[in-house]
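Let me give you the structure first, and then I'll get to my questions.
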Amino acid sequence: EAQVTQNPRYLITVTGKKLTVTCSQNMNHEYMSWYRQDPGLGLRQIYYSMNVEVTDKGDVPEGYKVSRKEKRNFPLILESPSPNQTSLYFCASSLDSGSSYNEQFFGPGTRLTVL
Amino acid sequence: GEDVEQSLFLSVREGDSSVINCTYTDSSSTYLYWYKQEPGAGLQLLTYIFSNMDMKQDQRLTVLLNKKDKHLSLRIADTQTGDSAIYFCAEPSGGSYIPTFGRGTSLIVHP
């Protein structure tokens, strides 16, 4: 089944404790991205990657890191989480960034709480 | 989401029609999209329209595009409680084909 998977689905942590949220897709997609969703603010893009070893900042990159060592994986790293990073996080992928029809496939989300 | 504007909430009675509106800014958009997010889940593509079309119908869904006013709407006929979700309008912007999402409209359907 074609899908985007994220782990963990739920995470409660404390301020300053490094964490990684994994994202994997099995559709051989070139483009991957991370969003956070907050009430009243909708979806805001954190980072995106157009291909292996190519990453770039989205609208709200502060406090986050990403890496794209393999095509299928795009982990989101919070080196020193803070309470304002409490949010619902979504990973998404699409075939590439150059196609005019560009359906985004989303993971199920990761609910992160930073105490 | 600044390039794509949507109202945040819409409440309708079961069986009525729902109309969710969206305005966008990038006039060069080729495809425009509607995504649906059900409770506890990620977004899924619901429907889309190519920019040379004015209307697209798909069962209970009707998408209307007014390019002159940069206005996109999604009409759901005979709205059911299962249609309760957040609906996101999305359009490519900034010279990229990657869609930018609006803030989402929460559709609440009353029995």
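The sequence lines fix the lettering, A, B, ..., with proteins before strands; numbering per chain opens at 1.
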Note, A:Y48 side chain near B:I98 side chain (heavy atom, < 4.5 Å):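 No, their side chains stay 4.5 Å or more apart.
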
Common cluster, A:L43/A:L88, ILVMFWY with side-chain heavy-atom separation under 4.5 Å: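 Same cluster: A:L43 reaches A:L88 through Ile, Leu, Val, Met, Phe, Trp or Tyr contacts under 4.5 Å.
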
More than 12 heavy atoms from other groups under 6.0 Å of CD on B:Q44: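 Count not over threshold, so no.
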
Best-contacting candidate, B:Y35, B:F88, B:Y48, against chain A by heavy atom pairs under 4.5 angstrom: B:Y35

Same apolar cluster: B:W34 and A:F105, side chain cutoff 4.5 Å: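 In one cluster: no.
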
B:F9 atom CZ, neighbour heavy-atom count above 12 within 6.0 Å: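 It does not: B:F9 CZ has 12 such atoms or fewer within range.
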
Top contributor to chain B interface from A:G42, A:P108, A:S100 [non-hydrogen pairs under 4.5 Å]: A:S100

Chain B contacts, top residue of A:S94, A:G107, A:A92, A:S99 (heavy-atom pairs, under 4.5 Å): A:S99

Atom group of A:Q37 that falls short of 4.5 Å from chain B, counting heavy atoms: side chain

ILVMFWY cluster, A:V60 and A:V21 together (side-chain gap under 4.5 Å): yes

Portion of B:Q37 that has a non-hydrogen atom of chain A nearer than 4.5 angstrom: side chain

Region of B:P99 in contact with chain A, defined by heavy-atom distances below 4.5 Å: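 Both parts, backbone and side chain.
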
Atom group of A:S97 that falls short of 4.5 Å from chain B, counting heavy atoms: both

Nearest-0.5 Å distance that lies between atom CZ in B:F101 and atom CZ in A:F90: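 B:F101 CZ to A:F90 CZ: 11.0 Å, rounded to 0.5 Å.
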
Over 12 foreign heavy atoms within 6.0 Å of NZ, A:K17: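 Atom NZ in A:K17 is not packed in, count stays at 12 or less.
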
Same apolar cluster: B:L61 and B:M53, side chain cutoff 4.5 Å: yes

Contacting moiety of A:Y35, where chain B heavy atoms sit under 4.5 Å: side chain

Contact leader toward chain A among B:T30, B:L8, B:L43, where contacts are heavy-atom pairs under 4.5 Å: B:L43

Crowding at CD, B:Q59 (>12 non-hydrogen neighbours, <6.0 Å):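 Atom CD in B:Q59 is not crowded, with 12 or fewer foreign heavy atoms closer than 6.0 Å.
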
Single-linkage hydrophobic cluster, 4.5 Å side-chain cutoff, B:Y33 and B:L72 together: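 Yes, it is one cluster - the side chains of B:Y33 and B:L72 are joined through contacts under 4.5 Å.
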
Heavy-atom closest pair, residues A:Y101 and B:L45: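 Between these two residues, the closest heavy atoms are OH-CD2, 3.1 Å.
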
Side chain / backbone / both / neither for A:S33 at chain B, heavy atoms under 4.5 Å: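 The answer is neither part of A:S33.
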
Backbone N/O of A:E103 and side chain of B:Y31: donor-acceptor pair under 3.5 Å: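 No, B:Y31 side chain to A:E103 backbone: no donor-acceptor pair under 3.5 Å.
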
Residue part contacting chain B, namely of A:D96, when any heavy atom lies under 4.5 Å: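 Backbone only.
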
Residue A:R9 versus chain B: region with a heavy atom under 4.5 Å: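 The answer is the side chain of A:R9.
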
Heavy-atom neighbours of A:L115 CG exceed 12 at 6.0 Å: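 Enclosed.
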
